[in-house]
Colleague: 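Here you go, one structure.
Below, each value reflects all heavy atoms present in this structure, side chains not excepted, and no hydrogens, waters or symmetry copies. Just so you know, residue 1 is the first one in the sequence shown, and it goes up from there.
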Amino acid sequence: MAEEENKPKRYRRTNVDIQADIIKAAESLIKKKGFASMLVTELIKKARIEPLVFYNRYDNLSEFYDEFVKRYDYWFKDVLTGVQFPTDSELGYIGIFKDVHKSLQDKSVMLELLRWEIAEGNETTVRTAMLREMHTLPLANSYEEEFKDIDISAISALIIGGIYYLNLHRDRSKFADIDLNTEQGRKRIEKALEELGHMVFHCHETNNYKQAVAERMKENGISDEVIKRCLN
């Protein structure tokens, strides 16, 4: 009797506990191996569950992934909430890029999701990519209304795409002799993002100033040819 009392009690997990353990195990394995390389048997073992427990919830790994990645559908929207300044300001614009870069610096599920989207086209990866696009459109549209003189959406796409690629590429080799696995390399990219954001807004402000001067000169009867020569 005393011997039975001394035995450690088995912890009985609730359905909520089991689901949390599955998610936690998946996050750990995905960060280590990526979506494409993770096996359902590894997930079951890592989560400390019986195969029947998993298959009572999901038909297969693809169905699990489809539910799992919904946790990251609002990733870009979550990035925007971390920006300390109004997103339509110069500091806000720079802050978006810096926060995207920062959120991808460590081994993360989001980084692996981007890698999976590039490597494999399926219903899940297509949906996640399209939803991220949908969440960024309102922001892009708000900038386009303000930036009539330059293609701000195309410029921003190049910057965001560069951030994605540099972080996806960092474990292969340096890029332009920049090692993103070092603090120095990360700081160089952050500084470059600040400079790019400043150049975009400076160009916009300069164009606005030139346009205002041109309109004033035209009101004073100065010809278009003279205005063009003065402002170029």
Colleague: Considering all heavy atoms of both residues, which atom of Tyr72 and which atom of Met110 are nearest to each other, and what is their separation?
Modeller: CB-SD, 4.1 Å
Colleague: So which heavy atom on Ile30 is nearest to which on Phe68, and how close?
Modeller: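 Taking every non-hydrogen atom into account, CD1-CE2, 3.4 Å.
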Colleague: Could you walk me through whether Asp177 and Arg188 pass the salt bridge (charged side-chain N to carboxylate O under 4.0 Å, His left out) check?
Modeller: CA-CA 11 Å; Asp177 203 35; Arg188 285 183 67 184; 5.5 Å; no
Colleague: side-chain contact (heavy atoms from CB on, under 4.5 Å) for Leu180 and His101? Distances and angles first, verdict last.
Modeller: CA-CA 10 Å; Leu180 223 58; His101 176 55; 4.0 Å; yes
Colleague: So, the side chain of Thr81 versus the backbone of Asp78: is there a donor-acceptor pair under 3.5 Å, distance only?
Modeller: yes
Colleague: For Leu104, is there any backbone N or O sitting under 3.5 Å from a side-chain donor or acceptor partner on Ser108?
Modeller: no
Colleague: Under a single-linkage definition using a 4.5 Å side-chain heavy-atom cutoff for Ile, Leu, Val, Met, Phe, Trp and Tyr, are Tyr74 and Val69 assigned to the same hydrophobic cluster?
Modeller: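 No; tracing contacts between hydrophobic side chains, which count when under 4.5 Å, never links both residues.
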Colleague: Is there a side-chain contact between Ile150 and Cys203, using heavy atoms and a 4.5 Å cut-off?
Modeller: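 In contact.
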Colleague: Spell out, yes or no, whether Ile118 and Leu111 are grouped together once hydrophobic residues are joined by side-chain heavy atoms under 4.5 Å, including indirect joins.
Modeller: yes
Colleague: Membership question, hydrophobic clusters at under 4.5 Å side-chain separation (ILVMFWY): are Met199 and Ile189 in the same one?
Modeller: yes
Colleague: Let me confirm one number: the NZ-NE2 distance from Lys77 to His135, rounded to the nearest 0.5 Å.
Modeller: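 Result: 6.5 Å between the selected atoms.
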Colleague: Could you grab the distance from atom CE of Met38 to atom OG of Ser28, nearest 0.5 Å is fine?
Modeller: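 Interatomic distance, Met38 CE to Ser28 OG, rounded to 0.5 Å: 10.0 Å.
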Colleague: Give the minimum heavy-atom separation between Ile49 and Phe54, together with the two atoms involved.
Modeller: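 Closest approach of Ile49 to Phe54, heavy atoms only: CD1-CB, 3.9 Å.
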Colleague: Say whether Ile23 and Tyr55 are linked into one hydrophobic cluster, either directly or through other cluster members, by side-chain heavy-atom distances under 4.5 angstrom.
Modeller: yes
Colleague: List the steps and the verdict of side-chain contact (heavy atoms from CB on, under 4.5 Å) for Phe201 and Ser89.
Modeller: CA-CA 9 Å; Phe201 271 76; Ser89 69; 5.8 Å; no
Colleague: Determine whether a donor-acceptor pair (N or O, by modelled atom type, separation under 3.5 Å) exists between the side chain of Ser103 and the backbone of Asp99.
Modeller: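 At least one qualifying donor-acceptor pair exists.
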Colleague: Surrounding NZ of Lys33 (heavy atoms of other residues, nucleotides or ligands, distance under 6.0 Å), is the total greater than 12?
Modeller: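 Above 12, so yes.
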Colleague: Would you check if the side chain of Tyr65 reaches a backbone N or O of Phe35 as a donor-acceptor pair within less than 3.5 Å?
Modeller: yes
Colleague: Out of the candidates Asp66, Leu114, Asp73, only one should pair with Thr128 under the side chain to side chain contact (heavy atoms under 4.5 Å, CB included) rule; please name it.
Modeller: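 Of the listed residues Asp66, Leu114, Asp73, the side chain to side chain contact (heavy atoms under 4.5 Å, CB included) partner of Thr128 is Asp73.
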Colleague: Consider only side-chain heavy atoms of I, L, V, M, F, W and Y, link residues closer than 4.5 Å, and tell whether Tyr165 and Ile155 are in one cluster.
Modeller: yes
Colleague: Does the side chain of Phe147 come within less than 4.5 Å of Val200's, by heavy atoms?
Modeller: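 Yes - at least one pair of side-chain heavy atoms lies under 4.5 Å apart.
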Colleague: Indicate yes or no: at least one non-hydrogen side-chain atom of Val40 is less than 4.5 angstrom from one of Tyr58.
Modeller: no
Colleague: Grab the two heavy atoms, one from Leu80 and one from Leu139, that are nearest each other, plus how far apart they are.
Modeller: CD2-CD2, 3.8 Å
Colleague: How many angstroms lie between atom CG of Asp59 and atom CZ of Phe64, to the nearest 0.5 angstrom?
Modeller: 14.0 Å
Colleague: Is the ring pair His198/His202 parallel, tilted or perpendicular, if the boundaries are 30 and 60 degrees?
Modeller: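 Taking His202 first and then His198, their aromatic rings lie parallel (interplane angle under 30°).
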Colleague: Would you compute the distance between atom CD of Glu120 and atom OG1 of Thr125 and round it to the nearest 0.5 angstrom?
Modeller: 6.5 Å
Colleague: Begin with the C-alpha distance, continue with both residues' side-chain angles, and end with the deciding distance and a verdict on salt bridge (charged side-chain N to carboxylate O under 4.0 Å, His left out) for Arg115 and Glu112.
Modeller: CA-CA 5 Å; Arg115 199 187 310 278; Glu112 293 307 321; 3.1 Å; yes
Colleague: With salt bridge (charged side-chain N to carboxylate O under 4.0 Å, His left out) as the test, would you mind laying out the steps for Glu42 and Lys32 before giving the verdict?
Modeller: CA-CA 12 Å; Glu42 294 174 318; Lys32 183 178 180 181; over 6 Å; no
Colleague: Drop me the distance from Lys174's NZ to Leu166's CG, to the nearest 0.5 angstrom.
Modeller: 14.5 Å
Colleague: For Thr14 and Asp17, which I'm curious about, is there any donor-acceptor pair between the side chains at under 3.5 Å?
Modeller: yes
Colleague: Evaluate the criterion side-chain contact (heavy atoms from CB on, under 4.5 Å) for residue pair Ile159 and Leu193; output intermediate values, then yes/no.
Modeller: CA-CA 8 Å; Ile159 296 172; Leu193 291 172; 3.7 Å; yes
Colleague: Linking directly or through intermediates, with side-chain heavy atoms under 4.5 Å: list the remaining ILVMFWY members grouped with Met134, chain and number order.
Modeller: Leu131
Colleague: Within the structure provided, determine whether Leu39 and Lys45 are in side-chain contact (heavy-atom separation under 4.5 Å).
Modeller: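 The answer is no; the side chains never approach within 4.5 Å.
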Colleague: Between the side chains of Arg186 and Glu183, is the shortest nitrogen-to-carboxylate-oxygen separation below 4.0 Å, so that they form an ion pair?
Modeller: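 Salt bridge between Glu183 and Arg186, a charged N being under 4.0 Å from a carboxylate O: yes.
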Colleague: Passes side-chain contact (heavy atoms from CB on, under 4.5 Å), Lys102 versus Lys98? Steps please.
Modeller: CA-CA 6 Å; Lys102 184 178 180 181; Lys98 291 176 72 173; over 6 Å; no
Colleague: What closest approach, in Å, do Ala129 and Glu117 show between heavy atoms, and which atom pair accounts for it?
Modeller: N-OE2, 3.6 Å
Colleague: Just how far is it from atom CG of Asn56 to atom CG of Leu52, taken to the nearest 0.5 Å?
Modeller: 4.5 Å
Colleague: Write down the atom of Ala25, the atom of Leu43, and the distance for their closest heavy-atom approach.
Modeller: CB-CD1, 3.8 Å
Colleague: Are any side-chain N or O atoms of Arg170 and backbone N or O atoms of Gln105, one a donor and one an acceptor, separated by less than 3.5 Å?
Modeller: yes
Colleague: Taking the six-membered ring for Trp, are His169 and Phe175 closer than 6.0 Å centroid to centroid?
Modeller: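 Ring centres of Phe175 and His169 closer than 6.0 Å.
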Colleague: Under 4.5 Å between any side-chain heavy atoms of Ile18 and Arg57, yes or no?
Modeller: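 The answer is yes; the side chains approach within 4.5 Å.
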